[in-house]
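This structure is a prediction, so every number in the text was calculated from the model and none was measured. Order of the sequence lines fixes the chain letters, A, B, ..., with proteins taken first and strands second; residue numbering starts at 1 for each chain.
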Amino acid sequence: MFVEIERKWQEMWEKYRIFEADPSDKEKFFITVPYPYLNGNLHAGHTRTFTIGDAFARYMRMKGYNVLFPLGFHVTGTPIIGLAELIAKRDQRTIDVYTKFHDVPIGELLKLTTPEKIVEYFAKEALSALKRIGYSIDWRRVFTTTDEAYQKFIEWQFWRLKELGLIEKGSHPVRYCPNDQNPVEDHDLLLGDEASIVEFVAIKFRLKDSDLIFPCATLRAETIFGVTNIWLKPTKYVIAMVDGEKWVVSKEAYEKLVFMDKKVELLREVDASEFFGKKVIVPIVEREVPILPAEFVDTDNATGVVMSVPAHAPYDYVALKELGVEIEPIVIIGTDIKGIPAKEIVEELGIKGQNDPELEKATKILYKREFHTGIMLENTGKFAGMKVSEAKERIEKELISLKIADVFYEFSEKPVVCRCGTKCVVKVVKDQWFIRYSNENWKRKVLSHLEKMTIIPEYYKEEFRNKIEWLKDKACARRKGLGTRIPWDREWLIESLSDSTIYMCYYILAKYVNLGILKPENITMELLDYLFLNRGSLELAKNSGLSKDVIRKIKEEFEYWYPVDLRSSGKDLVANHLLFYLFHHVALFEEKYLPRAIAVNGYVSLEGQKMSKSKGPLLTMKRALDTYGADVTRLYILHSAEYDSDADWRSKEVESFVESLKRFFNLVRENYTKEVNEVTLLDRWLISKFNRAVKDVRDAMDKLQTRRAVNVAFFEVMNYVRWYIRRGGKNLAIILDDWIKLLAPFIPHICEELWHMKHSSFVSLEKYPDFDPNKLDPVAEKAEEYISRLLEDIKEVKKFVENPRIVYIYPAEDWKFEALKIANEKGLKEALRFLSEKGIAKEDISAFSKKFKNAELIPNEREIIEQNLEFFERELQLRVSLDSEKIPVDKKRFAMPGRPAIFVC
RNA sequence: GCGGGGGUUGCCGAGCGGAAAAGGCGCAGGGCUUAAGACCCUGUCCCGUAGGGGUCCGCGGGUUCGAAUCCCGCCCCCCGCACCA
């Protein structure tokens, strides 16, 4: 329906370049949304984030700001390469998803066998969709992250971070597939995508009179003081050289150790039974304890060697009891549990043996209790009196720093299996480049800047605070993928979340790059230092080969646009990109260039189902546009949900939006050019109500509440208009200029089309309607409220009369008005005195006192009714009479100001 | 487990100290129409032959003249916990 209109105005906007933004005298507003990643078509999720951004950009533009709204494309990373490989392999699943959900024709799809072709194809598709939905983007600034110029920019950024000491080498644990020889992500996994990496502490117990080490894996290092023995499963173990020590560990543990950044060498297999009864020495405590067999030991969990703390570990307690060995548990933690804690809980739960599944529960309960409320007892040396939660951390640190213990990584859940079918391991990656987000100083600066920012919705500020505190060092280099090489270590590629942190300032460069003024070779360290950091000098920047004039111009442009006033983004980016965005800005830029505001929006599901790029279902932006058109899609998605709450796309609802928009379009078209006659009370009511709506809409938009804004601007105003027409209003045109403008940020094409029926300017550049208190008309509003209330009352009464033909209306007598006034001002008592002095009958006075609280002073009631007799008769299909003679006295008595007596017969 | 958000009338979703509680969707009835659609109106917790009454906002208590809205306890749901865009 609106296809032609939409195309027409998109062409006009482009032709007149109205969204191309350059520095001017006006106040600027720089808004960005995250550039999309091009491993598929844009979908409803992008549609939501981007449409919110666009509506706001348009709103701010109409509020008089010089608005810059740019967009580029993200192609860095592995998924695009992965996709190219899958297509080249003709992977059936991929072909299905991309033909069925991404709407790529099979013929086209099969050609996309290299990353370059994929980027080219999806960039073209994205650009076309983004234009067809009518975003007010300055397209002169588009780029992709593999552009040579962009890579120069990224290299500069990394050099500067390194110079600040924020990039360093380190090692860290990852989930790893030994077969693929690659770290695995959630979507690479067949099983275990819920598993996280847990740090066990492996405490080294030396065998008495030997150099053999038994590394006992535990999550409760503080219980070392209560160790009475250690456990081995009665099965085969191995002896291995680990960093120069002879360790006895399970076979599985040995395989894992190989990946853990240790020098590991297998010496020989050994049977656990060889050790049973022998003694090991508990470190720190220096106590000799025996090695005993236990079936509950899981050789596939950590080292497969376990220390036994029967007083605090239900498993140990039960196993010892079953074994029948005379060992006294050593209580080392005090809580409100009396006696031996493990014993108490085992008995309480009625646990039968070491294979009882309830043991797991018992362990958890006890752990929680002791961790949160426990105090270390006097038999724990210097830790005595300390809270368990604190002691645990201190002991772990101490043991590790004294080399009495090592960290042993293990999955929290098992098994973890790669898509290729191989069991995954925890691998410690060495010599990896890290961004040191854990740097306290850095964090403090980010936190302090956060306090000055606007975060929408505001409770996300707390979320950001927590995430900033929690953020750890991040590996920023990869072996595989598209992207920029680390300039000082070219074997590594900069990871994709790390290269998209401060690119908003690249939009300023991109314009000059696209104009051919700025070439990759011009983008030197000195130039960028000068442009973005106010470092060096114009002279040094000139070494880039650019003229002073050009450099000055770019610099001015940066100074003008920066900082970013609003970054509007999906909530999935809070814990990563948005954090990095803040960190990197804070690290590199001066205070005045730091981000001002962040807004977060929720997801979009499809008929109640989660969307998935790689599995479906998926609604592409293009498909939405083909089916419903740009304005319908925009209006619907803006109205679908507010802030971070998730939206559900339902085609049935969207279809009804099509109808709503048609109705709006026709209504305006039929009334817009009509001449406005003399302004009536009803007209003033419309103006008044509309003015309130304007206030609401602006208020909502200022808080980025697009749902509320659309609700008021479109649906509520529509309801006023309905009532207005029903009431016989003839001058709808009096609000139409403003209504069109009010809706222009949301449905710009239709508004542009309608606007041009009367004007030759672009409504997109018009001034947004302003709230004007002088246009409020309480008298008119009261009158309309009175009419609709009266109408409802009569209808209500009418229901109870068969064959109703006539309604008599009897407005309250004058003395009631006077009495009500007195009651309102001086209280009921005064009013009643006035009435009795006036000689009003007792029954009437009593009726008044009962009813006065829901009465209201409406000016000229009788007149209002008289002037609207026709309206009432038409609506009620009754004759309306003001003849008071026909109304029974007992009904007249209850007539009150604002609520006339009515009698239907 | 930790952190953030949330449970409202058939559904989505406003409201956050005084309304059976905005708006949208759905459903039902009526009008218009040759008819379907669209459009317009009405109803959509229960009761009611006079504009009325009753019961409601996860559960249980409390504060208050008055609570969906404030306080306490409990239950349930969603999201994040990364090296992946």
Side-chain angles (χ1 to χ4, degrees), chain A residues 34 36-40 74-80 172-175 183-188 196-197 364 367-368 371-372 412 429 432 434-435 437 457 459-467 469-478 481 495-498 500 571-577 579 602-603 608 613-614 636 639-648 650 652-657 659-660 662-663 666-667 705 707-708 710-712 714-716 718-719 722 725-726 789-802 804 875 877 888 891 894 899-905:
Chain A
Y37 186 73
L38 292 182
N39 65 336
H74 196 199
V75 302
T76 313
T78 50
I80 288 178
H172 74 128
V174 295
R175 283 188 304 210
V184 285
E185 302 148 27
D186 276 356
H187 59 260
D188 294 328
S196 57
I197 295 172
K364 268 193 181 154
Y367 175 81
K368 240 165 109 174
F371 183 79
H372 294 290
S412 64
V429 181
Q432 167 76 278
F434 278 85
I435 303 183
Y437 291 124
Y459 52 76
Y460 264 76
K461 192 171 266 195
E462 181 64 13
E463 180 89 342
F464 272 106
R465 271 186 213 116
N466 295 337
K467 301 277 192 232
E469 295 284 6
W470 150 93
L471 194 63
K472 301 185 200 100
D473 293 348
K474 175 174 163 61
C476 62
R478 289 292 107 87
E495 177 276 331
S496 70
L497 282 168
S498 307
S500 54
K571 64 181 174 187
D572 49 327
L573 299 183
V574 170
N576 41 67
H577 165 259
L579 283 185
Y603 305 121
K613 260 185 177 181
S614 58
Y636 181 74
H639 184 73
S640 62
E642 202 85 286
Y643 288 155
D644 67 320
S645 48
D646 298 335
D648 189 28
R650 300 188 210 186
K652 265 189 114 172
E653 279 186 29
V654 190
E655 271 154 34
S656 86
F657 270 59
E659 299 307 331
S660 301
K662 279 188 197 165
R663 193 187 321 155
N666 293 330
L667 187 70
Q705 293 179 301
R707 181 187 166 94
R708 181 155 81 94
V710 167
N711 198 235
V712 175
F714 191 75
F715 292 105
E716 283 188 6
M718 185 62 96
N719 284 342
R722 272 195 192 129
I725 290 171
R726 184 172 159 199
R789 174 81 214 231
L790 182 54
L791 184 67
E792 269 172 43
D793 281 352
I794 298 171
K795 277 187 180 169
E796 178 74 19
V797 172
K798 189 183 153 194
K799 283 200 304 203
F800 299 101
V801 179
E802 42 183 312
E875 288 286 331
Q877 298 292 304
K891 294 220 185 301
F894 290 102
R899 308 290 301 274
I902 51 192
F903 180 63
V904 179
C905 58

Would you classify A:K799 as touching base, sugar-phosphate or nothing, given that sugar-phosphate means primed atoms plus P, OP1 and OP2, and contacts are heavy atoms under 4.0 Å? base
How many whole angstroms separate atom OH of A:Y460 from atom P of B:C79? 12 Å
I need the CG-P distance between A:L573 and B:G4, as an integer number of Å. 21 Å
Counting any heavy atom closer than 4.0 Å, what does A:T76 reach on the DNA or RNA strands: base, sugar-phosphate only, or nothing? sugar-phosphate
Between A:R722 and A:N719, does any side-chain donor sit less than 3.5 Å from a side-chain acceptor? yes
Between atom CG in A:N466 and atom P in B:G3, what is the gap in whole Å? 8 Å
Take atom NZ of A:K798 and atom C1' of B:G30, then tell me their distance rounded to the nearest Å. 11 Å
Name the nucleic acid region contacted by A:H577, choosing base, sugar-phosphate or nothing; use a 4.0 angstrom heavy-atom cut-off, strictly under. nothing
Measure CZ/A:R663 against C1'/B:G37 and give the value in whole Å, please. 13 Å
Do the side-chain N or O atoms of A:R726 get closer than 4.0 angstrom to the phosphate oxygens (OP1, OP2) of B:C39? no
A:V174 near the nucleic acid: base, sugar-phosphate alone, or nothing, with a heavy-atom cut-off under 4.0 Å? nothing
Looking at A:S640, does any N or O in its side chain come under 4.0 Å of the phosphate oxygens OP1/OP2 on B:C12? no
Looking only at atom P, what distance separates B:C83 and B:G18, rounded to whole Å? 48 Å
Distance-only side-chain donor-acceptor flag, A:S498 / A:E495, under 3.5 Å: yes
So, does A:R478 get its side chain near the phosphate of B:C84, meaning an N or O under 4.0 Å from OP1 or OP2? yes
What nucleic acid atoms does A:N719 come within less than 4.0 Å of, heavy atoms only: base, sugar-phosphate, or nothing? sugar-phosphate
Checking all strands, does A:P36 fall into the base, sugar-phosphate, or nothing category for heavy-atom contacts under 4.0 angstrom? nothing
Less than 4.0 Å between a side-chain N and a carboxylate O, is that true for A:R789 and A:E792? no
A:E716 atom CD is separated from B:G13 atom P, nearest whole Å, by 18 Å
Interatomic distance, A:E792 CD vs B:G43 C1' [rounded to whole Å]: 12 Å
Once you round it to whole Å, what is the distance between C1' of B:G24 and NE2 of A:H639? 4 Å
For a quick test of reading the model: is some side-chain N or O of A:R175 closer than 4.0 Å to OP1 or OP2 of B:C84? no
Taking atom P in both B:G10 and B:G6, what distance in whole Å separates the two? 23 Å
